[in-house]
Amino acid sequence: MPEPQTPPEARRRMSVGARVLWIVGAVLLVLIVATAWVGVRGLLAKNHLEAAIPLAGEMQDQVATGDVAGATGTFNDFADHASSAASLTGDPVWRAFEVIPVLGPNLTAVRDVAGTVNAVAGDAIAPLISVASSMDATAFQPVDGAIDLQPLIDAQEPLAEASIAMKSAQARADAIDTSATLPVLTDAVVQLQDAATSAAGALDAADRAARLVPPMLGAGGPRDYLLLFSNLAELRATGGIAGAVALVHTEGGRIDLAQQAEASDFGPYPVPVVELPAETQNLYGARTGAFLQSANLTPRFSLSAEIAREMWNREFGLQPDGVIAIDPVVLSYLLEATGPITLPTGDVLTADNAVQLLLVDVYARYTDTNIQDLFFASAAASVFDAVAGGNFDAAALIRAMALAGEENRVLVWNADVAEQEILAGTNLRGDLPVSDADQQQFGVYFNDGTGAKMDSYLDAQVAVGQSTCRDDGRPLFRVNVTVTNTAPADAAASLTPYVTGGRAFGVVPGNIKTQVSVYGTAGLENQGVALNGSDTGYFPAVDGEYGVSQVVNELAPGQTAVYSFDWLGAEPFDGELGAWVTPMIDTVEVGEIVLACDEQ
């Protein structure tokens, strides 16, 4: 029998079906290959990124120790890994897979991480490697009393280029979307963001230093700077009273201690030596401009510096080019770099004993205030001579100054407006706190009211918090300031009258009297102050665009007081809170308040 014939329509259906199967198979094959492609390349990119991470720290160590050749080799390896990771995650197949739900956001994040690391390598680190030999910390160690400023001048352009690139990389890292990524990838992105922020800050500081240090050290001609040594045993808003003063002369990288003076050499003047804003006089009195010891009652360091500068001019006929303030804690940090120093008195000044010796022991040993000031000035001069003479560990010195700057223990004011602007936005300027949409900063400032040296025994704690309980979403901010008198119970008898004040200003010996001023920022409404949970009297004022709440407190030995300063925000806020605090012997860490609506 003849074989049955398949109808033409059926044959066409079979042919179409076969083609569909072939097409589906081909598509599946392509998808399998593409998935494998993306998976393999993703694994390779991960390996390259993981290999690059430790190389960054290795480069930093090599540069710090002067191993330029090693740093260059490490950089080349780092750049190769970064470039490979970026290449592996940047092809069209990878980008096509980024549109797939669930998987796509993770692939996008990996590509962004790889691209950011590659940009850091090529645009930020590469310029630094080109000047690594001149950026060695030891290159800035004085030789025959002078620092060679040319390497820093030569590094200005590469540092500026690197700083701009690193800020761009920081913004790129911060923009990586992790809202739908796996936890392990989210953690990696956060680590990258933190590292980029840290590196951007470090490069920004280096860039500013390269532009500012040469002129301040006399690269373009001689300079004179007034150096104020702040005595933290008697607090002022930006640190302590000026217990000793010195004129530093710089020229061609050479630093000389040209002249020393004591606070008692200045005034008091019958009227302020500069015109004081009415608001400053209202808050701190006309004495701010009439006594050198009171010049920094105001937290505006630029005003304090102008006052001190004019007082020096009146007594010695010279207008310094700038004013710098440091405190004994800074000296203790510098001693980490110089090592122990023997003073003319035979005392051995070390990083461990400097603060105790200069702010406590000196008052028990000497009753003559002039001798106390001379001892302090001698200690400061000895540390200065060690640094100016190059007798220090350069890397340790840089770390010491960086830490002091972070803690607001070094303040700088330049009469040259352009040079001062280089410091804009840094702690070194001693400006009032700055807030924006991302952060709300308060200022917490302490001024001694005892008229003595009792603030070595003043402990302070600061915490900030907010709650949003109003229908309009406006937040209530609270700043808690806790102050404690830690002096011994028998302070009136065991401490000298010079330390306790001996009732010279009406304060019971052993007690500590303190003026506490809390600054809000523009747009905040002052909501009053509570003492230990109950409303208390306070002085509401303004200082420019800043609202201020001020209280005066007196504590007997062992007593504690908790003040709550409340402010109402102008609009909803979900950023970070912080506070700038007067530097004290022990650094005041800013804590957090959990503020419930029923606690308002």
Side-chain angles (χ1 to χ4, degrees), residues 231-241 280 282-285 287-288 293-294 296-299 359 442-465 477-489 491-492 495 499-520 526-541 543 546-567 579-591 593:
N231 189 331
L232 300 179
E234 188 171 348
L235 289 174
R236 291 292 184 264
T238 55
I241 65 167
T280 300
N282 187 39
L283 279 162
Y284 306 108
R287 60 177 302 173
T288 305
Q293 299 95 322
S294 299
N296 56 336
L297 284 168
T298 170
L359 296 182
F442 294 89
V444 180
Y445 305 108
F446 301 99
N447 279 302
D448 174 73
T450 314
K453 300 295 184 288
M454 285 295 295
D455 287 329
S456 297
Y457 302 98
L458 181 67
D459 177 78
Q461 305 294 325
V462 174
V464 294
F477 299 109
R478 177 164 295 172
V479 181
N480 276 359
V481 180
T482 304
V483 284
T484 302
N485 182 347
T486 68
L495 302 179
V499 173
T500 66
R503 288 188 185 273
F505 293 92
V507 179
V508 175
N511 287 9
I512 301 177
K513 186 175 182 180
T514 309
Q515 179 194 72
V516 183
S517 304
V518 174
Y519 279 56
N526 195 327
Q527 298 292 293
V529 183
L531 170 60
N532 298 329
S534 301
D535 289 345
T536 189
Y538 73 105
F539 179 54
D543 190 346
Y546 292 81
V548 184
S549 291
Q550 191 178 86
V551 298
V552 177
N553 171 264
E554 184 173 336
L555 297 172
Q559 279 191 326
T560 294
V562 180
Y563 287 94
S564 297
F565 298 80
D566 286 350
W567 303 84
W580 298 10
V581 186
T582 293
M584 305 174 72
I585 294 175
D586 294 318
T587 301
V588 179
E589 301 292 342
V590 179
I593 303 170

Backbone of [Y] reached by a side-chain donor or acceptor of [X] within 3.5 Å:
| X | Y | result |
| --- | --- | --- |
| Asn296 | Thr298 | no |
| Asn480 | Ala463 | no |
| Asp535 | Ala530 | no |
| Asn511 | Thr450 | no |
| Thr500 | Leu495 | no |

Just wondering, do [Y] and [X] contact through their side chains at under 4.5 Å, heavy atoms?
| X | Y | value |
| --- | --- | --- |
| Trp567 | Val518 | yes |
| Lys513 | Asp448 | no |
| Pro488 | Tyr457 | yes |
| Arg236 | Pro299 | no |
| Thr582 | Val444 | no |
| Phe565 | Arg478 | no |
| Gln550 | Val516 | no |
| Val581 | Phe446 | yes |

Under the rule for side chain to side chain donor-acceptor pair (under 3.5 Å), what residues qualify as partners of Gln461, not counting sequence neighbours?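 Gln461: side chain to side chain donor-acceptor pair (under 3.5 Å) contacts with Asp459.
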
Which heavy atom in [X] sits nearest to a heavy atom in [Y], and how many Å separate them?
| X | Y | result |
| --- | --- | --- |
| Pro583 | Leu232 | O-CD2, 3.7 Å |
| Met454 | Ala487 | CE-CB, 3.8 Å |
| Ala541 | Leu283 | CB-CD2, 3.6 Å |
| Leu555 | Ala561 | CD2-CB, 4.0 Å |
| Ala579 | Val464 | CB-CG1, 4.3 Å |
| Ser517 | Val548 | CB-CG1, 4.2 Å |

Give, for atom CD1 of Ile241 and atom CD of Gln293, the distance between the pair rounded to the nearest 0.5 Å.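 Reported value, rounded in 0.5 Å steps: 6.0 Å.
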
To the nearest 0.5 Å, what is the distance between CG on Asn485 and CD on Glu554?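 That separation rounds to 9.5 Å.
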
Does atom CG of Asp586 have more than 12 heavy-atom neighbours, drawn from other residues, nucleotides or ligands, at distances under 6.0 Å?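 Not buried by this count: 12 neighbours or fewer within 6.0 Å.
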
Sequence-distant partners of Ala233, side chain to side chain contact (heavy atoms under 4.5 Å, CB included), two or more places apart: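 Only Asn231, Leu359, Tyr363, Lys453, Ser456 meet the side chain to side chain contact (heavy atoms under 4.5 Å, CB included) criterion with Ala233.
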
Gln527 vs Asp566, test: side chain to side chain donor-acceptor pair (under 3.5 Å). Steps then yes/no. CA-CA 5 Å; Gln527 298 292 293; Asp566 286 350; over 6 Å; no

Applying side-chain contact (heavy atoms from CB on, under 4.5 Å), run through Val551 and Phe539 and close with a yes or a no. CA-CA 6 Å; Val551 298; Phe539 179 54; over 6 Å; no

Would you say the side chains of Tyr563 and Asn553 form a donor-acceptor pair under 3.5 Å?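 Tyr563 vs Asn553: donor-acceptor pair found between side chains.
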
Would you please indicate if the ring centroids of Tyr445 and Tyr519 are separated by under 6.0 Å?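 Here the rings of Tyr519 and Tyr445 have centres that are less than 6.0 Å from each other.
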
Evaluate side-chain contact (heavy atoms from CB on, under 4.5 Å) for Leu458 paired with Val483, printing each intermediate quantity in order. CA-CA 7 Å; Leu458 181 67; Val483 284; 4.2 Å; yes

Given side-chain contact (heavy atoms from CB on, under 4.5 Å), test Asp455 with Met584 step by step and report yes or no. CA-CA 9 Å; Asp455 287 329; Met584 305 174 72; 6.0 Å; no

